[in-house]
Number of protein chains: 2
Amino acid sequence: MGNKGEALRQRIVAAADQLFYQQGYENTSFSDIADTVGISRGNFYYHFKTKDEILSAVIESRVSDIEDMLNQWSEKYPDPRQRIQHFIELQIRHQDNIKEHGCPIGSLCNELAKVSHALLEDANEMLTVMREWLTAQFKELGLGRDSRQMAMHLLARAQGSALITNTFDDPAFLRQEVKRLKQWLDDVAAKHIN
Amino acid sequence: MGNKGEALRQRIVAAADQLFYQQGYENTSFSDIADTVGISRGNFYYHFKTKDEILSAVIESRVSDIEDMLNQWSEKYPDPRQRIQHFIELQIRHQDNIKEHGCPIGSLCNELAKVSHALLEDANEMLTVMREWLTAQFKELGLGRDSRQMAMHLLARAQGSALITNTFDDPAFLRQEVKRLKQWLDDVAAKHIN
DNA sequence: TGAAAATTAGGATGCGCGTCCAAAAATAGC
DNA sequence: GCTATTTTTGGACGCGCATCCTAATTTTCA
């Protein structure tokens, strides 16, 4: 059955994901996505009836990617501090993209909040997944009821440095902030191990 | 001469400012602004030929407001630490708006960056003015060549907490982050006074 | 007060968009 | 191989937008 359809569907989602990141959601048209994939607008419509539908699919795909990544880290690294470190260093690996387009999650949430879009809650899920995972790591580190606040603090700082890096076109600042964040993590961990 | 015109022009800029903040630039139409002010689209066009032109006026107005505010603080408070404290507490005064719409500066820069809009550089000016002022304060505090980095660090954290507060609809987090930022400032100041 | 200038009104235009559709082409299953 | 289903195509539709324009109204000031 729809096997060929499924493959194309995934290519569409991947293209839309990229374009939404680079140009924003509202600023990306059906034609943009169709052209990128190399299919007609009509064919696109066959797979996704509305623009919201594809946004939903993109968010779902991103959430699932994030979950996979975090689960993988949970398995791979025994130490919660090490896991959080990896999370922080994620920004270094993506520094070129961040410089060019900011954080894919933050910028999307930002955009959807303006339009008071119904899918903002779905988009929030991307951040929530991270927050919950980070909270669990901080709990393991022994931060108890402060864990959630710490998780949000870390997310906020990551979002902030991504935005400033993008706006000022200054990846060196991003690296600086990552270093600072790792120092902060070490301090927090040291304080709570005793 | 164009005295009445000037007054209306300012009302238009004020309305556009609000709407751009609440709904985003792209998502705000000529009609939206005209309706808010209570004039016809044609009249609007008499004052601003293009959408870019009004965006430019809004940015100019914001930059000038920011400069006025900062200059006022520079005069009013003799201690640079006190000045920076005021800067940090600005977020508390605007917490309701931030919860609802995020940071007016950050969200605009974010949006313009996506569209690779020519006026992004003008929008950056809002952040740059703040950065330079903060840099001067940190210099006075004795941070020397680190001052600029510190200024950007502060800006980034403010941006980050605004975004998270907006996304998670959680003003308590904003207050928490402000407290944390003030603690950070005290630490930094204490370290460099000796 | 009256002519020139500034201001306001609202309709016209053209374009790009999301959406929809009918028909052609490809594929699958008997 | 032939029919039923899936997939693909490209054009049509209607709407909202930025922009433009002309004519009416108000203001200015000699």
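All chains are named by letter (A, B, ...) in the order of the sequence lines, taking the proteins before the strands, and each is independently numbered beginning at 1. Worth saying up front: this structure is predicted, and the values here are computed from it rather than measured.
Listed in residue order, the members of residues 16-28 of chain B having a heavy atom less than 4.0 Å from DNA chain D are B/T28. Within residues 32-40 of chain A, no residue has any heavy atom closer than 4.0 Å to DNA chain C.
For B/F168, the ring-ring contact (aromatic ring centres under 6.0 Å, His included) test picks out no residue, with sequence neighbours left out. Remark: A/T50 pairs with A/D52, A/E53 by the side chain to side chain contact (heavy atoms under 4.5 Å, CB included) rule, at least two apart or across chains. A/F173 is linked by a ring-ring contact (aromatic ring centres under 6.0 Å, His included) to nothing, counting only residues two or more places apart in sequence or in another chain. A/F87 is linked by a ring-ring contact (aromatic ring centres under 6.0 Å, His included) to nothing, counting only residues two or more places apart in sequence or in another chain.
Between the side chain of A/E111 and the backbone N or O of A/G24, no donor-acceptor pair lies under 3.5 Å. At least one donor-acceptor pair closer than 3.5 Å links the side chain of B/Y21 to the backbone N or O of B/N97.
Here C/dC17 presents its P atom at 17 Å from CG of A/D52, a figure rounded to the nearest Å. As rounded to whole Å, 11 Å separates atom C1' of C/dT7 from atom NZ of B/K49. The distance between atom NE2 of A/H47 and atom C1' of D/dT7, rounded to the nearest whole Å, is 7 Å. Rounded to whole angstrom, the span from the CZ atom of A/R9 across to the C1' atom of D/dT7 amounts to 15 Å. Following rounding to the nearest Å, B/E6 (CD) and C/dA6 (C1') show an atom-to-atom distance of 14 Å. Per the geometry, OH belonging to A/Y45 stands 12 Å off P belonging to C/dA22, to the nearest Å.
Both B/M150 and B/M130 are members of a single hydrophobic cluster when ILVMFWY side chains are connected at heavy-atom separations under 4.5 Å.
Listed candidates were C/dG18, C/dT8, D/dT9. Nearest to the side chain of A/N43 is D/dT9. Looking at the side chain of A/Y46, the nearest of the listed nucleotides C/dG18, D/dC21, D/dT7 is D/dT7. Comparing D/dT8, D/dG11, D/dT19 by their closest approach to the side chain of A/R41 singles out D/dG11.
Between A/F30 and A/F44, the ring-plane angle classifies as tilted under the 30° and 60° cut-offs. In this structure, B/H153 and B/W184 have tilted ring planes: the angle between them lies in the 30° to 60° band.
Comparing A/G42 and A/F30 against DNA chain C, the residue whose closest nucleotide sits nearer the 5' end is A/F30.
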